[in-house]
Amino acid sequence: MIKFFRKIRQRLLTENKFSKYLIYAIGEIILVVIGILIALSINNWNEERKESLIEKNYLRRLLVDLENDYKTLSFSKGLSNERINQVNILSNVVKNQSQSNENSILIIESIEKVSWRSYLPLSKIVYNELLNSGNMSLIQSEYLRNLLSNYYEDADHWEMILNLEDAQKMFSHETAGLLSIEILTAIENSSSLRNSNPTNALDFNLEEIEFDRIVKEFSTKTEAIKWLPHIYHYHLLANKVITNLSASNEKIKKIVQAELNK
């Protein structure tokens, strides 16, 4: 093809047909430019296709992370509700020490578990990968990028705030030694941080006199009892944070799915 055009150019020059040669030369330049533009266009299309495939992969992985987050948030909400109930149980014990033995397991379990956290951290694997790799721009939707940023920044912010709360630590410190190692071990073995169903049913096999001793001794621990309102408000706040994050999570999942369906 190149030889063919070269022959035409040489023939026009030898025949002294400069005007026709000029037109031909301009046409040849236009053809070259068109060829370059087509090549660039194909290259750009290939790059955009590659980026679109990478974006879809990130979106699918984000959706998995968000689904796992939602499960974590749902479990955390259950924990916060349980802790609020345990604060109420212990507050009633302080007001009325003559509790029936049928509540003994709940009371003893509450003394230990009320100091446990109810907010669990979320997964940021894919989001952090997008940030650290500089690939966040591959997510075409600016609206989605902003939602993801707000969601994970809020999660980090509240995790830091809730972890600063010392009420649980102080309560745990003031009640140290109240429950035996055997009781504590039984409580820990019956619970899971990722499973709301206990692995073992609690049964401390306590004599009534031993239970009464624990209740009476707990009721005298004023330094521990004074932290119960703080723990109550901690779990109320955690509950509210979890509710808001769950709503954001649901919203983002719908948008991610819509982007995947395009």
Please list all pairs meeting ring-ring contact (aromatic ring centres under 6.0 Å, His included) that have one or both residues in residues 215-255, counting only residues at least two apart or in different chains. Trp227-His230

Could you state the interatomic distance from CG (Leu179) to OG1 (Thr185), rounded to the nearest 0.5 Å? 11.0 Å

Linked, directly or transitively: Leu122 and Tyr70 (ILVMFWY side chains, under 4.5 Å): no

For Ile242, is there any backbone N or O sitting under 3.5 Å from a side-chain donor or acceptor partner on Ser246? yes

Student check: side-chain heavy atoms of Arg83 and Ile231 closer than 4.5 Å: no

Quick one: pull up CG in Asp65 and OG1 in Thr72 and give me the separation to the nearest 0.5 Å. 10.0 Å

Residue pair Ile225 / Thr220, side-chain heavy-atom distance below 4.5 Å: no

Nearest-0.5 Å distance, CG of residue Asn81 to CG of residue Asn239: 5.0 Å

For the pair Asn261 (side chain) and Gln257 (backbone), establish whether a donor and an acceptor sit closer than 3.5 Å, ignoring hydrogens and angles. yes

Does the side chain to side chain contact (heavy atoms under 4.5 Å, CB included) test come out yes or no for Asn150 and Ser248, once each step is laid out? CA-CA 9 Å; Asn150 292 336; Ser248 298; over 6 Å; no

Taking the side chain as every heavy atom from C-beta outward, state whether Leu138 and Leu130 have any pair of such atoms under 4.5 Å apart. no

Between Ile125 and Leu147, is there a shared hydrophobic cluster once you connect ILVMFWY residues whose side-chain heavy atoms come closer than 4.5 Å? no

Check whether any side-chain N or O of Asn57 sits under 3.5 Å from a backbone N or O of Leu53 as a donor-acceptor pair, and report yes or no. no

Shortest non-hydrogen contact from Ala238 toward Ser118: CB-OG, 3.6 Å

d(Lys262 NZ, Ser141 OG) to nearest 0.5 Å is 6.0 Å

Could you walk me through whether Tyr58 and Ser133 satisfy the side chain to side chain contact (heavy atoms under 4.5 Å, CB included) test, starting with their C-alpha distance in whole Å, then the side-chain angles of each, then the deciding distance to 0.1 Å, before giving a yes or no? CA-CA 12 Å; Tyr58 273 125; Ser133 64; 3.8 Å; yes

4.5 Å side-chain heavy-atom contact, Ile111 and Ile214: yes

CD1/Ile108 to CD1/Ile89 distance, rounded to the nearest 0.5 angstrom? 12.0 Å

Could you see if Leu131 belongs to whatever hydrophobic cluster contains Val64? Use Ile, Leu, Val, Met, Phe, Trp, Tyr and a side-chain cutoff under 4.5 Å. no

Thr175 side chain to Leu178 main-chain N or O, any donor-acceptor pair under 3.5 Å? no

In plain terms, say whether Asp156 and Lys124 are close enough for a salt bridge, that is, a side-chain N and a carboxylate O under 4.0 Å apart. yes

Is there a chain of hydrophobic side chains (I, L, V, M, F, W, Y, each step under 4.5 Å between heavy atoms) that links Tyr143 to Leu148? yes

Check whether any side-chain heavy atom of Lys221 sits under 4.5 Å from a side-chain heavy atom of Glu174, and report yes or no. no

What pair of heavy atoms forms the shortest contact from Lys77 to Ser80, and how long is it? O-OG, 2.8 Å

Quick one: are Asn244 and Asp154 in side-chain contact, heavy atoms under 4.5 Å? no

Decide yes or no for Leu106 and Glu109: does some side-chain heavy atom of the first lie under 4.5 Å from some side-chain heavy atom of the second? yes

Same cluster for Ile183 and Ile181 if Ile/Leu/Val/Met/Phe/Trp/Tyr side chains link at under 4.5 Å? no

One should read off an interatomic distance between Ile255 CD1 and Leu144 CG, to the nearest 0.5 angstrom, of 6.5 Å

Looking at Ile209, I'd like to know if its CD1 atom is crowded, meaning that more than 12 non-hydrogen atoms belonging to other residues, nucleotides or ligands lie closer than 6.0 Å. no

Test side-chain hydrogen bond (donor to acceptor under 3.5 Å, both in side chains) on Lys169 and Ser115 and set out the steps. CA-CA 7 Å; Lys169 292 179 183 177; Ser115 62; over 6 Å; no

I'd like to know if Arg61 and Glu129 make a salt bridge, using a cut-off of under 4.0 Å between side-chain N and carboxylate O. yes

Beyond-backbone contact of Lys254 with Glu259, side-chain heavy atoms, under 4.5 angstrom: no

Are Glu67 and Lys71 close enough, and set up right, to give a salt bridge (charged side-chain N to carboxylate O under 4.0 Å, His left out), and what steps lead you there? CA-CA 6 Å; Glu67 290 287 358; Lys71 291 176 183 177; over 6 Å; no

Looking at Arg145 and Ile139, would you say the former's side chain and the latter's main chain have a donor-acceptor pair under 3.5 Å? yes

Any donor-acceptor pair under 3.5 Å linking the side chain of Arg117 with the backbone of Gln168? no

Check the pair Leu62 / Ile252 against side chain to side chain contact (heavy atoms under 4.5 Å, CB included), numbers first and verdict last. CA-CA 10 Å; Leu62 270 172; Ile252 294 171; over 6 Å; no

Applying ring-ring contact (aromatic ring centres under 6.0 Å, His included), which residue pairs with at least one partner in residues 148-183 are found, sequence neighbours left out? Tyr127-Tyr152

Could you go step by step and tell me if Gln86 and Glu112 meet the side chain to side chain contact (heavy atoms under 4.5 Å, CB included) rule? CA-CA 10 Å; Gln86 287 164 347; Glu112 169 61 12; over 6 Å; no

Which heavy atom of Asn249 sits nearest a heavy atom of Leu66, and at what distance? ND2-O, 3.0 Å

